[in-house]
Protein chains: 2
Amino acid sequence: MSDDDIFRALGDPTRRAIFEKLATGAMNASTLREGMAISQPAMSQHLAVLRNASLVRERRQGRYVNYEVDPDGLARIAGWLARYRAYWPARIDALRDLLKDMDQ
Amino acid sequence: MSDDDIFRALGDPTRRAIFEKLATGAMNASTLREGMAISQPAMSQHLAVLRNASLVRERRQGRYVNYEVDPDGLARIAGWLARYRAYWPARIDALRDLLKDMDQ
DNA sequence: GCAATACATAAGCGAAGACTTATTCGGTTC
DNA sequence: GAACCGAATAAGTCTTCGCTTATGTATTGC
C-alpha cells in the first residue's frame, strides 16, 4: 500500500468501475462481474491490484470471496489531498456536505 | 480533463514529485528541474500530462513558462472522494482540519 | 472420493507509457 | 538578423500494463 499503488490502481477506468460497483455494497467476484464485459481472470487481477492498494478487502466465505471497499485506501487519498488544501477553491460543495456529515 | 486523466497522471511517482514541488510555489520548468534527475524533454512531457489533467496550469512569461498548481484537478479528486464518504473512517484528522478551513 | 463451482495464478501477447537523442519553436539580446 | 536560451515536439526504444487462454487451488455436495 502506497500512494503509488493507490493512484496507479485508480488510473484504470475498469478498476474504477469495479470500485464504484463495490461501493454500492459488498459482493463476491462473480456477482461483481455481472453486467460487466470482463473475463473472470481479468476481474481477479483487477481485484488483486485494488486489494494491494488497500482500496478493497476480501473476506472468504466458503467458496465465495466477498469483496468490500476498504476505507484505508480512501483515507490515504484524503490525506494526500489534505496536503494541498492551500490550493483548494474556496467552496467545494461536495466537500462541504462531507464536512457537515463529519461534524455531527 | 477527466478522472481518468487525473488518476493516471498521479499514478507516476515522478509526476507526483513534480506536483509536490510545484505546490511549494509557482516556478518555471527549468527551476522545477533543479535537483531532480530528469531530462528537459521528460519534464516537458510530464508537465503536459499534468496540465492535461488540470492538475497544473501554465502562464507564459517571456521565454520562460511559469507553472503552478491548478485547483481544478484537486477539486475533481475531492469530488470523486466525496462520493464515497459513506466509507470513510469516522475520523480523519487531516480532513477535519480541511473542513474547518472551509467552514470559515 | 469425484464432479462441479468460485476464484487465483501462469505464461504469453499487443498496446500504452516513460524515457532517450535530435530537432524545432518562441522569445530575448546584442 | 544572428546567436542564444527556455521549452515543446518528433521519433525510436525499452518497460510496464491489461488482456487472453490454460491450468491450478479451495470448497461444496453428491
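Every chain is numbered from 1 and lettered A, B, ... according to where its sequence line falls, protein lines coming before strand lines.
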Interatomic distance, [X] [atom1] vs [N] [atom2] [rounded to whole Å]:
{"X": "H46(A)", "N": "dG18(D)", "atom1": "NE2", "atom2": "P", "value": "7 Å"}
{"X": "L47(A)", "N": "dA6(C)", "atom1": "CG", "atom2": "C1'", "value": "13 Å"}
{"X": "D12(B)", "N": "dT16(D)", "atom1": "CG", "atom2": "C1'", "value": "12 Å"}
{"X": "M36(A)", "N": "dG18(D)", "atom1": "CE", "atom2": "P", "value": "15 Å"}
{"X": "I38(B)", "N": "dA8(D)", "atom1": "CD1", "atom2": "P", "value": "12 Å"}
{"X": "R51(A)", "N": "dT9(C)", "atom1": "CZ", "atom2": "C1'", "value": "12 Å"}
{"X": "Q45(A)", "N": "dT20(D)", "atom1": "CD", "atom2": "P", "value": "9 Å"}
{"X": "N66(A)", "N": "dA26(D)", "atom1": "CG", "atom2": "C1'", "value": "16 Å"}

Does the side chain of [X] get closer than 4.0 angstrom to OP1 or OP2 of [N] through an N or O atom?
{"X": "Y67(A)", "N": "dA8(C)", "result": "yes"}
{"X": "S39(A)", "N": "dC19(D)", "result": "no"}
{"X": "T14(A)", "N": "dC19(D)", "result": "yes"}
{"X": "R60(B)", "N": "dG26(C)", "result": "no"}

query: Among dA8(C), dA8(D), dG18(D), which nucleotide sits nearest the side chain of E58(B)?
result: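 Out of dA8(C), dA8(D), dG18(D), the nucleotide with an atom closest to E58(B)'s side chain is dA8(D).
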- request: Please tell me which of the listed nucleotides, dT9(D), dA6(C), dG17(C), lies nearest to the side chain of R8(B)?
  value: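 For R8(B), the side-chain atoms sit closest to dG17(C).
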query: Do V69(B) and Y84(A) come within less than 4.5 Å of each other through their side chains, counting heavy atoms only?
result: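 Heavy-atom side-chain distance check fails, nothing below 4.5 Å.
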message: Closer than 3.5 angstrom, by distance alone: can the side chain of R83(A) be matched with the main-chain N or O of W80(A) as a donor-acceptor pair?
response: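 Looks like no, no N/O pair under 3.5 Å.
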Side-chain donor or acceptor of R60(A) paired with backbone N/O of G62(A) under 3.5 Å: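 Looks like yes, one N/O pair under 3.5 Å.
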message: What contact category does R33(A) fall into here, base, sugar-phosphate, or nothing, at under 4.0 angstrom with non-hydrogen atoms?
response: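 No contact.
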- prompt: Going through the checks in order, is the side chain to side chain contact (heavy atoms under 4.5 Å, CB included) test met by R51(A) and Y67(A)?
  reply: CA-CA 9 Å; R51(A) 182 157 28 84; Y67(A) 280 93; 3.9 Å; yes
task: For side chain to side chain contact (heavy atoms under 4.5 Å, CB included), just list the numbers for E34(A) and M27(A), CA-CA rounded to whole Å, side-chain angles, deciding distance to a tenth of an Å, and then say yes or no.
output: CA-CA 11 Å; E34(A) 282 169 16; M27(A) 63 189 88; over 6 Å; no
message: Nearest heavy atom decides the nucleotide; on that basis, is R63(A) or S44(A) closer to the 5' end of DNA chain C?
response: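 Going by which nucleotide is closer to the 5' end, it is R63(A).
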message: Can you work out whether Q40(A) or Q61(A) has the more 5'-proximal nearest nucleotide on DNA chain D?
response: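 Taking each residue's closest nucleotide, the earlier one in sequence belongs to Q40(A).
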